[in-house]
Amino acid sequence: MTKLNGRGAAPGTAIGRAVIAVREGTEVRYRLAASGIERERQRLRVARDHTRRQLEEISARISRSVGPAQAAIFAAQLLMLDDPLLVSRADALIRSERINADWALQRAIGELHQLFVREGDAWLAERAGDLADVSGRLLRNLRPGRDPLVDLVMEVEPPLIVVADELPPSVAAQLDWTRVRGLICDIGSPTHHTVILARSLGVPTVVGLSGASQAILPGQMIALDGATGEVVIDPADDVIERWRQRGRIAVAALEALDELRTLPATTLDGVRITLEANLEIADEVARVHDAGAEGIGLYRSEFLLDGAHPDGASEEAQERVYRSLLSAMRPLPVTIRTFDAGEERWESGPRQSSRRERFGVRGIRSGLRSDERFRGQIRALLRSAGAGQLRILLPFVTSADEMRQARALIAAIARDAGLRTDVPIGAMIEIPAAALTADHLAADADFLSVGTNDLIQYTLAMDRTDERLAGQYEPASPAVLRLLRIVAQAGRRLKRPLSVCGEMAADPLMAALLVGLGFRHFSMAPAAIPIVKRSIGVIDSRKAARVARQAVRTRSAADVHALLAPVADAMHELAMAQAGQVRARS
Ligand code: PEP
Ligand code: MG
């Protein structure tokens with residue numbers, strides 16, 4: 001039994017067998033049940049035969065068009081396919097070690113590569129390039145056209161714990177999460193989109209557990225606690241039983257909050273707070289209702305781009321999704337954010353560097369470049385608007401000029417397509433420039449929504465997914481609070497609906513601070529709604545306003561936390577009292 005500690009990013013306990021996914025989910029490893037061995041051997045044979053046919057075709061084509069000498073490269077690759085140290089070796093590993101074909105093949109490739117290089121023979125070393133080529137083709141042919149992790153999760157017997165170095169949101173969006181009990185990542189942070197998705201789906205998650213994907217072996221039993229960040233490898237039976245009990249109590253505590261479902265969120269002094277939900281996967285809309293949300297404050301439409309179906313983001317498919325979301329929520333409002341994706345999410349091929357993703361042509365910037373995808377999305381949105389109460393939210397807006405241009409563009413798209421023009425259009429405030437000029441922006445927007453995840457990232461110049469800086473990525477930083485105050489004042493002065501949809505709102509203590517700053521509308525992961533609702537009940541908005549006034553004048557986040565200590569105590573006491581009742585009942 002080994003214990004590790006990471007950062008809890010989505011609460012709940014989970015127990016299951018490890019599936020390892022590395023290199024952004026492209027390499028997967030797991031141990032087979034005896035019944036799975038033949039399937040994997042067959043998969044390997046099919047991949048080899050497919051590869052052989054492809055190489056023969058290429059070789060014949062090159063021989064015809066360029067000459068037989070050039071075609072010899074592929075003859076050499078064909079020979080490698082029959083090398084006993086490649087496919088046959090992988091087949092032996094599947095049988096003897098009971099591992100999946102992908103992993104077995106990767107191991108055989110690794111061993112053979114070592115051999116080529118170790119021999120010190122120049123001719124052999126040159127062949128290493130051919131080996132890489134043929135083995136890449138073989139690996140792709142093992143799961144043609146499919147994402148290895150997505151495929152594997154469908155096949156392996158649950159309950160599973162996915163242990164990844166880093167799991168990109170584009171892969172996470174395609175996983176069948178009903179089969180995944182928990183998630184562990186070497187890197188990542190609570191505002192990483194994959195983690196946001198896991199939290200939304202109620203999948204306990206631990207991040208920032210450096211080296212976990214190396215230390216944990218495929219098939220090992222894992223217990224994790226997504227609140228405390230604890231991970232136990234090969235837990236003893238009594239530990240499993242204790243953790244199961246812990247999980248049951250946590251579930252009972254959440255169920256106890258169920259009675260709040262239909263009640264409004266109100267502060268001690270009677271100020272009404274609206275709690276809406278964030279949503280990433282439209283099919284999960286039932287969670288929004290279950291949480292008692294008063295609408296959808298943020299639907300992250302870019303997750304549609306990662307769907308398993310290639311036409312999942314076509315104009316028609318989008319219209320279907322938006323319509324069903326709007327009618328499922330009617331008469332409550334649904335705020336659909338236009339695609340907020342970096343260039344790499346549009347393009348196939350190798351991923352771009354994250355620097356381009358964060359500072360590049362993303363959000364409304366790509367829309368304003370007359371991007372046909374933006375036009376299609378606007379048409380799909382406007383066509384679906386009759387199905388419910390739609391609000392369109394534009395991400396990554398930098399200035400009032402940009403907002404004005406975006407509105408004009410949307411009006412032109414509507415006119416060209418003969419569509420309605422009365423749908424409210426709002427701006428995300430998630431860039432310091434937008435926060436600082438929120439008054440101008442508010443004049444051109446029907447509503448504003450503050451994205452604190454990015455606002456903090458850009459204000460503090462800290463990548464929100466960098467686990468090394470997770471301790472310094474501070475929502476309570478006075479610099480962030482000053483920006484938030486500017487936005488709250490602008491919203492109030494111009495009488496624009498104003499909400500906060502970043503993760504900051506889902507933290508009960510930070511929500512108290514936001515109430516103090518003047519915010520009254522929040523949107524968060526459905527699971528956070530009952531907890532925030534309960535906590536709001538212990539806040540006095542006048543006291544919160546006093547604390548907020550002091551907080552913006554402090555020198556550091558630590559000072560802000562000190563100011564908030566009495567509020568934290570009151571929330572803690574309430575949670576403890578409730579946990580006591582739950583324990584007494586269970
Ligand atoms: C934000 O930036 O706070 C936000 C809500 O958007 P996202 O997390 O999708 O960037
Ligand atoms: Mg954002």
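Order of listing sets the numbers, starting from 1, for every ligand and every atom in it. We number each residue from 1, following the sequence as shown.
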Student: Are any of the side-chain heavy atoms of Val321 and Tyr299 separated by less than 4.5 Å?
Tutor: yes
Student: Considering only heavy atoms of Asp454, which atoms of ligand 1 have at least one such atom less than 4.0 Å away?
Tutor: 1 (C), 2 (O), 3 (O), 10 (O)
Student: Between Arg199 (side chain) and Pro190 (backbone), is there a donor-acceptor pair under 3.5 Å?
Tutor: yes
Student: For Arg407 and Ile425, which heavy atoms make the closest approach, and how far apart are they?
Tutor: NH1-O, 3.6 Å
Student: Judging by distance only, is a nitrogen or oxygen of Asn453 under 3.5 angstrom from one on ligand 1?
Tutor: yes
Student: Run the numbers for me: atoms of ligand 1, each under 4.0 Å from some heavy atom of Leu298, listed by number.
Tutor: 5 (C)
Student: For Ala476, does its backbone N or O pair with a side-chain atom of His561 as donor and acceptor, under 3.5 Å?
Tutor: no
Student: Does any N/O atom on Arg362 come nearer than 3.5 Å to any N/O atom on ligand 1?
Tutor: no
Student: Among Ile413, Val423, Leu419, whose side chain to side chain contact (heavy atoms under 4.5 Å, CB included) with Ile378 holds?
Tutor: Ile413
Student: Do the side chain of Lys533 and the main chain of Leu263 share a donor and acceptor less than 3.5 angstrom apart?
Tutor: yes
Student: For Glu430, counting its heavy atoms only, list the atoms of ligand 1 lying under 4.0 Å from any of them.
Tutor: 1 (C), 2 (O), 6 (O)
Student: Name whichever N, O or S atom of Asp454 ends up nearest to the Mg ion (ligand 2).
Tutor: OD2
Student: Among Arg464, Met428, Arg300, whose heavy atom sits nearest atom 10 (O) of ligand 1?
Tutor: Arg464
Student: Is the side chain of Glu467 donor-acceptor paired with the backbone N or O of Ser189 at a distance under 3.5 Å, no angle test?
Tutor: no
Student: Do Met428 and Cys501 have side chains that get closer than 4.5 Å, going by heavy atoms?
Tutor: yes
Student: Under 4.0 Å, heavy-atom basis, I'd like to know which part of Glu280 is in contact with ligand 1: side chain, backbone, both or neither.
Tutor: neither
Student: Counting only heavy atoms, which portion of Leu455 has something under 4.0 Å from ligand 1: side chain, backbone, both, or neither?
Tutor: neither
Student: Give me the residue, atom name and distance of the protein heavy atom closest to atom 6 (O) of ligand 1.
Tutor: Arg337 NH1, 2.9 Å
Student: Tell me which protein heavy atom sits closest to atom 7 (P) of ligand 1, plus the residue, atom name and distance to 0.1 Å.
Tutor: His193 NE2, 3.4 Å
Student: With a cut-off of 2.8 Å, does Glu430 put an N/O/S atom close enough to the Mg ion (ligand 2)?
Tutor: yes
